Chemist: 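Handing you this structure, nothing more for now.
Index from 1, following the sequence. This structure is a prediction, so every number in the text was calculated from the model and none was measured.
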Amino acid sequence: MSASASGPAAALARRYGASPLHLLLILASFALALYAGVRLLKGDTIGVAIWFVGAALLHDLVLLPLYSVTDRAAQLLLHGRPDTSDGAPRPGVNHLRVPGFISGVLFLVYWPLILQKGGHYTAYTDLSADGFLARWLLITAGLFLASAILWTVRTWLRLRPERKAAKARAHAQARARKATK
């Protein structure tokens with residue numbers, strides 16, 4: 001049973017731009033965020049506000065320019081020319097972006113333990129805080145290695161038809177030379 005094109009759901013979809021289910025999910029997510037915000041601000045409101053402002057400033061003034069320059073350098077490294085407006089896809093850059101992003105998120109989450117600034121981690125968890133730097137470096141190396149292997153396989157598969165065509169042309173030229181002799 002489908003809703004008619006002139007019913008209230010269709011009118012809402014035309015006016016809102018999406019389905020009523022989308023609106024419901026958006027409102028539920030806002031309610032959940034509001035609940036989390038109220039719970040978060042219940043304790044140290046000024047400290048939380050300072051942390052949010054500091055995080056926004058750190059991101060906008062330090063991290064955004066840093067990873068933008070790093071991304072441009074990776075594009076130049078992989079393609080040897082600046083970004084052109086031809087809209088050509090550069091999938092090789094994503095093989096650096098993805099492991100870099102995952103490694104960065106892991107560092108962001110575990111930086112106190114990676115930099116051995118864990119404080120009371122051992123007292124709270126009864127676990128040792130040693131070895132986080134080595135594990136993070138191994139995970140990062142593994143991510144970049146897996147990405148390099150995936151990029152190599154994808155490049156090999158993408159170029160396989162070109163190699164077959166070049167081999168067929170070489171065989172055709174060899175046959176043509178034999179036929180003229």
Chemist: The test is side chain to side chain contact (heavy atoms under 4.5 Å, CB included); show your working for Arg97 and Tyr67 and say whether it passes.
Modeler: CA-CA 10 Å; Arg97 286 177 182 158; Tyr67 60 72; over 6 Å; no
Chemist: Could you pull out every donor-acceptor pair under 3.5 Å between side chains of residues 30-53 and any protein atom, sequence neighbours left out?
Modeler:
residue : atom : partner : partner atom : Å
Asp44   : OD1  : Gly47   : N            : 3.2
Thr45   : OG1  : Leu41   : O            : 2.7

Chemist: Suppose we screen for side chain to side chain donor-acceptor pair (under 3.5 Å). Which residues come up paired with Tyr16, at least two apart in sequence or across chains?
Modeler: His22
Chemist: Let me check something: do Trp111 and Ile139 share a hydrophobic cluster, defined by ILVMFWY side-chain heavy atoms less than 4.5 Å apart, either directly or through other members?
Modeler: yes
Chemist: Can you list the residues that meet the ring-ring contact (aromatic ring centres under 6.0 Å, His included) rule with Phe107, with sequence neighbours excluded?
Modeler: Trp136
Chemist: May I ask whether Leu138 and Leu143 are part of the same hydrophobic cluster, defined by side-chain heavy atoms of I, L, V, M, F, W, Y residues being less than 4.5 angstrom apart, directly or through others?
Modeler: no
Chemist: Under 4.5 Å between side-chain heavy atoms, hopping through other hydrophobics if needed: is there a path connecting Leu137 to Val98?
Modeler: yes
Chemist: Has Ser103 got a side-chain atom pairing as donor or acceptor with Gly100's backbone, closer than 3.5 angstrom?
Modeler: no
Chemist: Could you list the residues that satisfy side-chain contact (heavy atoms from CB on, under 4.5 Å) with Arg169, not counting sequence neighbours?
Modeler: Ala165, Ala166
Chemist: Using the test side-chain contact (heavy atoms from CB on, under 4.5 Å), find all partners of Leu27 that sit at least two apart in sequence or belong to another chain.
Modeler: Leu23
Chemist: My understanding is that only residues two or more places apart in sequence, or in another chain, count here; which of them pass side-chain contact (heavy atoms from CB on, under 4.5 Å) with Phe132?
Modeler: Tyr110, Leu113, Ile114, Tyr121, Arg135
Chemist: Would a single hydrophobic cluster contain both Leu21 and Ile26, if residues Ile, Leu, Val, Met, Phe, Trp and Tyr are joined by side-chain heavy-atom contacts under 4.5 Å?
Modeler: no
Chemist: Taking the side chain from Thr70 and the backbone from Leu66, do they hold a donor-acceptor pair closer than 3.5 Å?
Modeler: yes
Chemist: Taking it one step at a time, do Gln116 and Leu133 satisfy side chain to side chain contact (heavy atoms under 4.5 Å, CB included)?
Modeler: CA-CA 8 Å; Gln116 297 179 348; Leu133 176 62; 5.8 Å; no
Chemist: Is there a continuous path of hydrophobic side-chain contacts, each under 4.5 Å between heavy atoms, that joins Leu150 to Phe144?
Modeler: no
Chemist: Once you round to the nearest 0.5 Å, how far does CG of Leu63 lie from CG of Leu57?
Modeler: 11.5 Å
Chemist: Asp130: which residues meet the side-chain contact (heavy atoms from CB on, under 4.5 Å) condition with it, sequence neighbours left out?
Modeler: Ser128
Chemist: Output all residues satisfying side chain to side chain donor-acceptor pair (under 3.5 Å) with Arg154, sequence neighbours left out; order by chain, then residue number.
Modeler: His95
Chemist: Please find the pair of heavy atoms, one from Ala74 and one from Leu96, that lie closest to each other, and give the distance.
Modeler: CB-CD1, 3.8 Å
